[in-house]
Protein chains: 2
Amino acid sequence: MTPEASDDRWFRAGWRSGPELSLPDYHVIVNASPRHARKGAAPSIRDVAAEAGVSHQTVSRVLNESPRVRPATRAAVLAAIDRLGFRPNRAARTLGFGRASGVTVVTSNTTLYGYACTLQGIEEAARTDGVALGIRVVESAEVRQTVDYVSDPSAGGLIVIAFDPLGTAVLEALPGHIPAIVAAEPGAPDLGRVAIALDERRAAADATRHLLELGHRTVHHVAIPSEGRSGGRQAGWRDALTEARAEIPEVLGCGWDVASAYVAGRQLAARPDVTAILCGNDDIAQGVRRALYDAGKDVPGDVSIVGFDDIPGSAFWTPALTTVRMDFAGLGRACFHAAVAELTGRPQPEISLVPPRLIVRESTAPPRHR
Amino acid sequence: MTPEASDDRWFRAGWRSGPELSLPDYHVIVNASPRHARKGAAPSIRDVAAEAGVSHQTVSRVLNESPRVRPATRAAVLAAIDRLGFRPNRAARTLGFGRASGVTVVTSNTTLYGYACTLQGIEEAARTDGVALGIRVVESAEVRQTVDYVSDPSAGGLIVIAFDPLGTAVLEALPGHIPAIVAAEPGAPDLGRVAIALDERRAAADATRHLLELGHRTVHHVAIPSEGRSGGRQAGWRDALTEARAEIPEVLGCGWDVASAYVAGRQLAARPDVTAILCGNDDIAQGVRRALYDAGKDVPGDVSIVGFDDIPGSAFWTPALTTVRMDFAGLGRACFHAAVAELTGRPQPEISLVPPRLIVRESTAPPRHR
DNA sequence: CCGTTTCATGCAACCGATTGCCGCACCACT
DNA sequence: AGTGGTGCGGCAATCGGTTGCATGAAACGG
């Protein structure tokens, strides 16, 4: 605010505007503060306004693609933006608009394959659209803190990954006015939010049917944690067994870690009647496969196993794993676009996901003694 | 701003303050606007100020732990904050302070094990400290956009994961005034930033030495992309071979994908003189192992292999993988704390990382024909 | 040629914090 | 009792945008 800082650049635009600016003479702009040239600081819309000879509100309208701007004015503003290398300040935009235009992902995990791929799909789509991305991991004792955190306007739109009860718990505790999209399992209870899901039920049924068609009497199942909801993998497995009138064995649950899958695998390996195992995911398949190996059972000679997810490298196992490929990245992208629609109030876009696909490799074969 | 909205709650605090508030009578507070009770909206510091009978600036001082607040006042404000369930608005804070207090991670990848674990460590530390976390993935053609994106004040402090040239490129293009910490390989060029690294060089030397001590004449190396900088895995491998006066074979480079590792593995499998292979990471080890299998070579009978990273499940391979465990999560935590120090201007904390550790399992053994 | 509608754009308030400056009240000291 | 120092806390400006409203000019109809 030193006197020399408030030079006449501002008034030039209005008072001296000649025909070359194609602006009428009455444009005497007052609302511009003289701080336009704080050197070192990034240019603001007021600097752009000065450069273009308009008010900063008009610059705002151009930025927000308001139809109420003359094409010539718009062009002048865009040129000024370009000349100054102006970038809108996201924090200010958030404050003015009331909520950030970015997206925050709420998840209970970032490294497990399904979660990580969904996240990757979201990230890719967000980056393409120039949208900011935040992450918030929720742990079991921290649902309250998580909700507090994402309630802040700067969290923007939410994508809650509710593959597990923790995600669902967040969803339930989330105030209704906060824009959120759910990446869910099918069959999860409707909480009044847009929810998108992969058809894991069908996928599991396909995998189970594959084993039954090979001639196995039934298929055992080692489930991932928190399975059992009506639409999940376990349900599909049950569907296929029921459809084939096969016996439905008891489900073995285990944790996300390979070690617990190994334990489950040893139990199944001890039973001679077990000839086919549907594993809740590929990591579990890894533990089960090693358990079978340690018990002296050959895969697929003695026991066939099927995984779920098609993690990178599963094609290079010995034996290469038969598994179900899931389009988690596509799910993530769809969630992102839905979240943006939710946030901006636009209608929800059509979504199309690549359906799950069974990849038959080396770990499945007909049972030895038919 | 309707007349009935501007009730007298505000002035009560000043004019009618009795001894129960322990505030002197001269406290006539003027700067409070009457919008304090917009119902439905989250409470702001002005609401808290009204509740506590102070000005909103004083609330700000309490929030920022300024020493210039009397303990009694502080207590009153804290009580009001508690009563109202007030949460400071991050966007407003960012705008006022000039930069967000959160942290943004810049990385070229989010799913590869080293990157994902570092990210996980950062996330965990950020959540513990109640700090917001953003993610920005950089692709090769997008260095400029990435720098633009993170230059915005709302990105807060940066953690650039520079395990590869892309991360380094971002670092070079980043304006000097932007607070950033580098998660790097040792030996990377100093760019005037605080950089933290795991001792991969030593780790690779340990792994190579292990193979040499088993009796292998030399150790071949399949390198991860962008390896070769002075401090990396390849350098450590070279160190150990040099130290043992062993022949230094040509390095086989490959991509991040297991398939390219398989190709490299087939090349090595064709050569009878190859008895030990140091793989750039565990995924590469997986491809190489399958290639050896397909070529009819036994691991570790014919060829020993060592991986790098100790990914989950590598203990359950057949054979279980000998590998080097790296404390990526610890690296992430250290980077986070350094970033916060950088952002707040506090002195850099002491860091201590768990050194890499060789985990000997089943994939290494003495060569068959000594 | 005048009145009315439409359009573009400026005005001012607002979003919710931070921060330098200033003033008042109290205490201590002479 | 007068005076000076100190510390608490209010004042006002600021950060960089968004948005409801007002206004002037152009367009249009009769």
Side-chain angles (χ1 to χ4, degrees), chain A residues 1 13-14 23-33 35-36 38 41-49 52-64 66-74 76-77 86-101 152-154, chain B residues 1 13-14 22-36 38 41-49 52-64 66-74 76-77 86-101 152-154:
Chain A
M1 295 347 95
L23 281 173
D25 284 336
Y26 64 85
H27 271 240
V28 177
I29 297 166
V30 177
N31 79 340
S33 74
R35 61 195 158 118
H36 56 277
R38 295 176 345 279
S44 76
I45 53 168
R46 288 173 169 86
D47 301 319
V48 173
V54 298
S55 73
H56 74 272
Q57 296 91 337
T58 297
V59 176
S60 172
R61 287 193 193 94
V62 170
L63 290 173
N64 292 289
S66 158
R68 304 181 73 78
V69 180
R70 220 186 326 159
T73 309
R74 178 190 310 280
V77 169
F86 164 82
R87 302 276 156 197
N89 178 304
R90 290 200 295 270
R93 192 180 269 254
T94 298
L95 199 51
F97 181 67
R99 194 150 191 103
S101 57
D152 185 285
S154 75
Chain B
M1 292 358 89
S22 78
L23 282 173
D25 283 337
Y26 64 85
H27 270 238
V28 178
I29 296 166
V30 178
N31 78 342
S33 76
R35 60 191 159 121
H36 55 278
R38 297 178 341 281
S44 75
I45 55 167
R46 287 172 170 86
D47 301 318
V48 173
V54 298
S55 72
H56 73 271
Q57 296 92 336
T58 297
V59 177
S60 172
R61 287 193 192 94
V62 170
L63 291 173
N64 292 287
S66 157
R68 303 180 74 80
V69 180
R70 221 186 323 163
T73 309
R74 177 189 311 280
V77 169
F86 163 83
R87 302 276 156 197
N89 178 305
R90 289 201 295 272
R93 194 180 268 253
T94 298
L95 199 52
F97 180 68
R99 196 151 189 101
S101 57
D152 185 284
S154 76

*Asks:* Can you name the closest pair of heavy atoms from Ser55(B) and Ala49(B) and give their distance?
*Replies:*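 Looking at all heavy atoms of both residues, the closest pair is C-CB, 3.5 Å.
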
*Asks:* Go through the structure and list residues passing side-chain contact (heavy atoms from CB on, under 4.5 Å) with Ala92(B), not counting sequence neighbours.
*Replies:*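 With sequence neighbours excluded, Ala92(B) shows a side-chain contact (heavy atoms from CB on, under 4.5 Å) to Leu95(A), Asn89(B), given in chain and number order.
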
*Asks:* Taking any heavy-atom pair under 4.0 Å as a contact, classify Pro67(B): base, sugar-phosphate, or nothing.
*Replies:*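 Sugar-phosphate, backbone atoms only, no base.
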
*Asks:* Suppose we screen for side-chain hydrogen bond (donor to acceptor under 3.5 Å, both in side chains). Which residues come up paired with Ser60(A), at least two apart in sequence or across chains?
*Replies:*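 Here the qualifying residues are Asn64(A).
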
*Asks:* Could you state the CZ-C1' distance from Arg70(A) to dT9(C), rounded to the nearest angstrom?
*Replies:*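 From Arg70(A) CZ to dT9(C) C1': 9 Å.
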
*Asks:* Pick from Asp47(A), Thr73(A), Ile45(A): which one makes a side-chain contact (heavy atoms from CB on, under 4.5 Å) with Val59(A)?
*Replies:*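 Among Asp47(A), Thr73(A), Ile45(A), the one meeting side-chain contact (heavy atoms from CB on, under 4.5 Å) with Val59(A) is Ile45(A).
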
*Asks:* Locate the shortest heavy-atom distance separating Leu63(A) from Arg93(A); write the atom from each residue and the value.
*Replies:*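 Result for this residue pair: CB-NH2, 4.1 Å.
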
*Asks:* Return the set of residues passing side-chain contact (heavy atoms from CB on, under 4.5 Å) with Arg61(B) (not counting sequence neighbours), or none when no residue passes.
*Replies:*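 Only Gln57(B), Thr58(B), Ser66(B), Val69(B) meet the side-chain contact (heavy atoms from CB on, under 4.5 Å) criterion with Arg61(B).
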
*Asks:* Return the minimal non-hydrogen interatomic distance between Ala52(B) and Ala76(B), and the atom names on each side.
*Replies:*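 Here Ala52(B) and Ala76(B) meet closest at CB-O, 3.9 Å.
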
*Asks:* Between protein and nucleic acid, restricted to nucleotides 4-7 of chain C and to nitrogen or oxygen atoms under 3.5 Å apart, what atom pairs and distances do you find?
*Replies:*
none

*Asks:* Asp152(B): which residues meet the side-chain hydrogen bond (donor to acceptor under 3.5 Å, both in side chains) condition with it, sequence neighbours left out?
*Replies:*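 Asp152(B) satisfies side-chain hydrogen bond (donor to acceptor under 3.5 Å, both in side chains) with Ser154(B) only.
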
*Asks:* What are the atom names and distances for every N/O pair under 3.5 Å that joins the protein to nucleotides 17-19 of chain C?
*Replies:*
residue: dA17(C); atom: OP1; partner: Asn89(B); partner atom: N; Å: 2.6
residue: dA17(C); atom: OP2; partner: Ile45(B); partner atom: N; Å: 2.6
residue: dA17(C); atom: N7; partner: Arg46(B); partner atom: NH1; Å: 3.4
residue: dT18(C); atom: OP1; partner: Asn64(B); partner atom: OD1; Å: 3.3
residue: dT18(C); atom: OP1; partner: Asn64(B); partner atom: ND2; Å: 2.9
residue: dT18(C); atom: OP2; partner: Ser60(B); partner atom: OG; Å: 2.3
residue: dT18(C); atom: OP2; partner: Asn64(B); partner atom: ND2; Å: 3.2
residue: dT18(C); atom: O4; partner: His56(B); partner atom: NE2; Å: 3.3

